[in-house]
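Read through the structure below, which is laid out as structure tokens, and then see the notes.
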Amino acid sequence: MSVTSTQRMLTGNKAVAEAIAQEMERDPRVFVMGEDVGRYGGIFGATEGLFQRFGGERVRDTPISETGFIGAAIGAAAEGMRPIGELMFVDFFGVCMDQIYNQMAKIHYMSGGNVRLPMVLMTAVGGGYSDAAQHSQTLYATFAHMPGLKVVAPATPYDLKGMMTSAIRDDNPVLLMFHKQLQGLGWMAPIDASVGVVPEEPYTVPLGQAKVVREGRDLTIVGLQMSVHWALTAAARLADEGIEAEVVDLRSLVPLDKQTVVNSVRKTHRLLVVDEDYLSYGMTAEIAAMVAEQALYDLDAPIRRLAVPDVPIPYSHNLEKFVLPNPEKIYKQAKELAEQ
Amino acid sequence: MSVTSTQRMLTGNKAVAEAIAQEMERDPRVFVMGEDVGRYGGIFGATEGLFQRFGGERVRDTPISETGFIGAAIGAAAEGMRPIGELMFVDFFGVCMDQIYNQMAKIHYMSGGNVRLPMVLMTAVGGGYSDAAQHSQTLYATFAHMPGLKVVAPATPYDLKGMMTSAIRDDNPVLLMFHKQLQGLGWMAPIDASVGVVPEEPYTVPLGQAKVVREGRDLTIVGLQMSVHWALTAAARLADEGIEAEVVDLRSLVPLDKQTVVNSVRKTHRLLVVDEDYLSYGMTAEIAAMVAEQALYDLDAPIRRLAVPDVPIPYSHNLEKFVLPNPEKIYKQAKELAEQ
Amino acid sequence: MAVPADKLKWMYETMIKIRHYEEAMVDAYGEGKYPVFNIGAGPVPGEMHLAAGQEPVAVGVCAHLRPDDTVTAPHRPHHHAIAKGVNLQRMTAEIFGKVDGLGKGKGGHMHLFDPEVKFSCGGIVAAGVPHAVGAALASTMQGRDSVAVAFIGEGAANAGAFHESLNLAALWKLPVIVVIEDNAYGISVPKPASTAVPTNEVRASAYGIPGVRVAGNDPVALYQVAQEAVDRARRGGGPTLIEVETDRYLGHFQGDPEVYRDKDEVVHLRQRDAIQAVRQQMVADGMATEEELQAMEQRAYQVVEEAYAFARQSPNPAGESALADVFAL
Amino acid sequence: MAVPADKLKWMYETMIKIRHYEEAMVDAYGEGKYPVFNIGAGPVPGEMHLAAGQEPVAVGVCAHLRPDDTVTAPHRPHHHAIAKGVNLQRMTAEIFGKVDGLGKGKGGHMHLFDPEVKFSCGGIVAAGVPHAVGAALASTMQGRDSVAVAFIGEGAANAGAFHESLNLAALWKLPVIVVIEDNAYGISVPKPASTAVPTNEVRASAYGIPGVRVAGNDPVALYQVAQEAVDRARRGGGPTLIEVETDRYLGHFQGDPEVYRDKDEVVHLRQRDAIQAVRQQMVADGMATEEELQAMEQRAYQVVEEAYAFARQSPNPAGESALADVFAL
Ligand SMILES: Cc1ncc(C[n+]2csc(CCOP(=O)(O)OP(=O)(O)O)c2C)c(N)n1
Ligand SMILES: Cc1ncc(C[n+]2csc(CCOP(=O)(O)OP(=O)(O)O)c2C)c(N)n1
Ligand SMILES: [Mg+2]
Ligand SMILES: [Mg+2]
């Protein structure tokens, strides 16, 4: 993508906040609730500037009562509002999973479609900065496993804004995960991927479409959020050695765009799935199983999976590095796979 | 298995209760907490007779405070007790998942192995009797996805007793799921599989070993709890038509006995995975992916998965029947697969 | 006794309707389940939590509510639904799992949603309380004066969701009324074995809001207490916590062996049956003649019978329809 | 002032130790993180919640505790850990992510476990309260007289786990003391924006247990209140809820821009610094000479310095060791 100097660059967090601001401007039913979303602007900056612009009625700091305020968002959505709740870290889901999963995700179905819950739950995911076992998870598959929620995880500022806009306008509950490292915050290690071109005018990016972010013929690497960026780094190195990896950014876990993945595998005949979530019973398993069902005979080698090896995220830098995927590990797996 | 008249037959619930009683007898540190586990004997009979025998100190009815009492079990386990908590229906996990997942499952790891939590959380899973979206799930993969917990789901009275005994004696937190239909309760449709031979003396069945419950050469069917019994019914019908299905009862999700599954697939070259949990990002995906990694070239046909098709469990009999696997559906899939 | 005649008549007729509904459900639920009780069999499968005896709670509060006020109810929801004016035919069809049900047969008895009168309920203890808070928040943000009532059992007052919701409602001074139905048990567990205080209205002080206890399963006393609470909420005066002593005549669910209580207990409870008491009072006060009362009873019975008839004749949903309604299009 | 001299000296020395520990941590944490603050860099990466200013809470309570009493602490745990007697060298090594750490580098600053003195903490708000209840239950069932103390912030008193735990503790009359550290903020949210009542000790009445508020960040007043609570718990008299007004001198975590409070606020708070007040009091009362005090200070500093030195020299764990300790063998 060539970037001219007239294009506007935003960090991930500003892209999210801009989407929310524009939708709040456009639709008085949209409002935000969560811990420290007000004056603080959200621990991960997702509500930066909103309190100053819209005031405390529509940008509400809450008590540390996730069941209470996410449940309240559900109640408000059922009455015609379009709330956005923030669960500060996805790791806190366990104190409010009943509201997320038994209520938010199921009420539409249980009501036979009579009740709509147009709401967004946004939450921060991801590790890599030694925040340890209770603050570093992605838990992608935990939410994707249970039906009734759209679950999306954009990897670029452009997609963050566009998918947040889509999520707010969607009549279904959407869980939007933003990755801490992709928010472009002043206090995280700066990475290029956390800044990107974001048009000022509102736009939508559909929920449920994967994207080929790099074309290649030798193998397919499927990932989400950080693993896409790691894969791109690995792919650049592989290219130097003559191996052309195709990289697919899933963007959305539910709905899952199987076709884009299958098409890519049909072209490259080799598949590596990379995930920052736990390995077993996770996203890598679903993608691998789906391909083994739909494109088994197109495979020229066994599918490979690279993810956190079924341990809680450890604190120490060395330990965390050992368990998280990274470009180096992807490169190694991809190279072996391509040469298999 | 031939049953002589001298063998003792027990229902699933009595097998569980007997294991607990014998361990309470043997070890004063063992005690039980949960809603209605006292005089009532547990809604699914897992604590039948225990209150009468051991009294209210060791068989404690609790308030409807799952976070409170499961958290208290953790605190007590850390101080040398060996608590058994009951979460009445697995569907209620969302009100206490933080204690289950961020605490119970992770404390041993976060403490570098210095704190042990020898405790069991038992819970009822499964549908098929119109208890609808909030009382009919199995959620196998939800718990199996996140590291730090042993997750087991026995399918026979024999295994229920033996695996409960192992779970109580294990120094790790174990989530033991019993299936409502396999408890042999007076108020559920009676099924043969809910009654079985159970020796009176205490014995253990290891956690983490799958079992080939029927040998066959033409395809492998892998399942858990009810899906094993459905598969056996389907296998009998297939046998009438000359198709010999091998049926593998996983028994344990974590640790997962990959070898038994892979060995079976190496023998039969065809795999059907059946699950009463949701399809996507579930157990069927993990088994399929694992086989696609480890035994891809042994497969003579694409792997098939049969599970709840990503909808909440509906109430009405017709609807629930449509979404749950059953012997008929397994028969159909297996037959197609064998003839593929 | 300051209940206006039309209200009291409405309360009486509604209580009759509820009682008849629940008694008819005992029979309907029992169909096809015996001789050996099988919970999954018959025209009404699954769990069944009935509210016979608890009618006063529903009518004493709902007498003050408008269609635009919200009610969230727990797993034992029929009395609230009826008192809130839920479409009885579609509700019954839902309980029978039929296509004309409120949820096309997907929800069932514990999951009834009637957005027309802003009623919902659910199977997870205390989970409806935050929904009521959210409804009240929406009402406030939309500049309406609708209120929201969350009904829960006394067992639910020990769940974390109760605490979080009351704090939030009080903090934001929202028009919420939480009504605790103290029927003395949470399934088999008697209140003193679950609750550290004898009565739950004292818990209001943890949120700086008014808390009131209504004893004796008395719809008239509750009517007055609820009036004040609803008026305060509508005026912007914030939440109220009410605990009502009430009586569960039947098991926790149908099929409950009730090993945890004496059979005499219910016989005793039935002696203070509020329906009979209100009837006698109305006659004594000359508020209604025997004929009028019989006409009301007749009407109530008929509405219930029609609802059951409607439910029975409605078709079963086609299996494939299970796949629809996961997402709104 | 009824604090025995040896206790007051212990409190003073421990407060000095804590303060020095936290101030040294400001520096250690800052190493390698600037010029552009990078949370993941340096010898102490990740979030860092320091307790400078909150020393009185830890020492006022822990002065009454024995090694066999249990303490559960929240995400801001150093002061409690130090006051409870956690192995400071291994604690510091853990915070530096080293092999000699309490958790071999797996836990980190928010997840410190020292079973020797029954200390634990965790990163999920209010999650430690039920653990304290369980520890107290174990103590009771084992026929011991150990007590359990759960420390939480005032923000945590709005979490469901708080309510469920207090009800359970009160119901079972367990030896639990819940101590709320009211430092006026939950991250950026001031207490009046999160809590429907001005002070949380009133919430004790929701559980029928004693509730006491200690104002002014005063370790001596707290000492007395805690004494009563611990004695009651040991005697089998059940739980107590204590809220202590205290002061957070630093940001919520290191790197907090603190946009939500006036810079003057902390300057003002520091004027009532309890450490200085206790020191002056001891001198005024002739309880300790200047030399003695300096010796105590010296000792405290040295212990802290040794802990940091130990942590720094301890090796980093090998990457593969991440795979161990998921399950006990
Ligand atoms: C979170 C949760 N825990 C447990 C249950 C199981 N359960 C259903 S009803 C009930 C008892 C409820 O008691 P109470 O609140 O007093 O209501 P009542 O049944 O007496 O009307 C229990 C424990 C549940 N549905 N949800
Ligand atoms: C369940 C949960 N929700 C939110 C958070 C994020 N969080 C960490 S500390 C904190 C504020 C805690 O405030 P308080 O209890 O007053 O303690 P303090 O930080 O003031 O010591 C929050 C919201 C968390 N860790 N856990
Ligand atoms: Mg009750
Ligand atoms: Mg605080």
Side-chain angles (χ1 to χ4, degrees), chain A residues 28-31 33 56-58 60-83 85 95-99 101-119 147-150 170-174 207-208 254-255, chain C residues 68 70 72 94 99 101-108 110-116 118 120 122-142 144 146 148 150 159-169 171-172 174 317 321-322 324-329:
Chain A
R29 298 169 302 177
V30 178
F31 72 104
M33 285 198 277
E57 268 290 301
R58 291 183 71 195
R60 296 183 166 254
D61 275 336
T62 63
I64 306 172
S65 308
E66 288 84 358
T67 290
F69 76 77
I70 295 174
I74 293 167
E79 304 263 346
M81 301 298 287
R82 300 183 83 88
V95 301
C96 52
M97 190 59 170
D98 183 69
Q99 290 297 332
Y101 183 56
N102 268 330
Q103 318 299 330
M104 184 168 93
K106 287 180 183 163
I107 283 176
H108 182 73
Y109 187 79
M110 296 190 299
S111 75
N114 277 319
V115 177
R116 295 194 169 201
L117 297 182
M119 61 184 286
L149 276 185
K150 295 191 179 178
D170 201 297
D171 272 352
N172 294 287
V174 179
L207 310 180
V254 181
Chain C
D68 62 304
T70 295
T72 69
E94 184 60 28
V99 287
L102 289 167
K104 305 177 191 159
K106 288 179 175 146
M110 282 190 278
H111 315 104
L112 303 166
F113 297 86
D114 190 348
E116 301 279 310
K118 302 206 174 189
S120 66
I124 304 296
V125 162
V129 191
H131 303 169
V133 174
L137 176 61
S139 165
T140 305
M141 291 182 80
Q142 291 162 354
R144 297 186 281 119
S146 325
F162 167 84
H163 175 67
E164 296 192 1
S165 303
L166 277 168
N167 181 60
L168 204 56
L171 183 70
W172 291 348
L174 297 174
S321 69
D325 298 320
V326 179
F327 292 113
L329 303 177

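As a basis for the values below, the full set of heavy atoms in this structure was taken, side chains included, without hydrogen atoms, waters or symmetry mates. Just so we're on the same page: letters track the sequence lines, and every chain starts at 1.
In this structure, NE2 on C:His131 lies 8.5 Å from CG on A:Leu117, to the nearest 0.5 angstrom. In this structure, CG on C:Leu112 lies 12.0 Å from CG on A:Asn114, to the nearest 0.5 angstrom. One distance of note links OG of A:Ser111 with NZ of C:Lys106; it measures 9.0 Å at 0.5 Å rounding.
Across all non-hydrogen atoms, the minimal contact from A:Asn172 to C:Val326 is OD1-O, 4.5 Å. The heavy-atom pair separating C:Ala328 from A:Arg116 by the smallest distance is CB-CZ, 3.7 Å. Of all non-hydrogen atoms in C:Met141 and A:Glu57, the two that sit nearest each other are CE-O, 3.5 Å. Scanning both residues, C:Leu137 and A:Met33, for their nearest heavy atoms gives CD2-SD, 4.0 Å. Contact detail for A:Gly112 and C:Asp325: the closest heavy-atom pair is O-OD2, 3.4 Å. For the residue pair C:Ala138 and A:Glu79, the shortest heavy atom distance occurs at CB-CB, 3.7 Å.
The contact between A:Phe69 and chain C is made by backbone and side chain atoms together, counting heavy-atom distances below 4.5 Å. For a residue to count as touching a neighbouring chain, one of its non-hydrogen atoms must lie under 4.5 Å from one of that chain's; by this rule A:Leu149 touches chain C with the backbone only. Residue contact with chain C, scored on non-hydrogen atoms closer than 4.5 Å, is absent for A:Arg29. Residue A:Lys150 touches chain C through both its backbone and its side chain, counting heavy-atom pairs closer than 4.5 Å. Only the backbone of C:Leu102 comes within less than 4.5 Å of a heavy atom of chain A; no side-chain atom from C-beta onward does. Of the atoms belonging to C:Ala159, not a single heavy atom falls under 4.5 Å from chain A. For C:Ala126, no part lies near chain A; criterion is any non-hydrogen pair under 4.5 Å. Only the side chain of C:Leu171 has a heavy atom closer than 4.5 Å to any heavy atom of chain A.
At distances below 3.5 Å, not a single donor-acceptor pair connects side-chain atoms of A:Tyr109 with backbone N or O atoms of C:Gly103.
Between C:Phe327 and A:Val254 the shortest side-chain heavy-atom distance falls below 4.5 Å. Inter-residue side-chain proximity for A:Ser65 and C:Leu168 is flagged as unmet; no heavy-atom pair is nearer than 4.5 Å.
No more than 12 heavy atoms of other residues, nucleotides or ligands lie within 6.0 Å of CD in C:Glu116, so this atom counts as exposed by the packing criterion.
Of the listed residues (A:Val115, A:Asp171, A:Asp98), the greatest number of heavy-atom pairs within a distance under 4.5 Å of chain C belongs to A:Asp98. For the options A:Pro63, A:Ala105, A:Ala77, heavy-atom pairs under 4.5 Å to chain C are most numerous at A:Pro63.
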Walk me through it: do C:Gln142 and A:Met81 pass the test side-chain contact (heavy atoms from CB on, under 4.5 Å)? CA-CA 9 Å; C:Gln142 291 162 354; A:Met81 301 298 287; 3.2 Å; yes
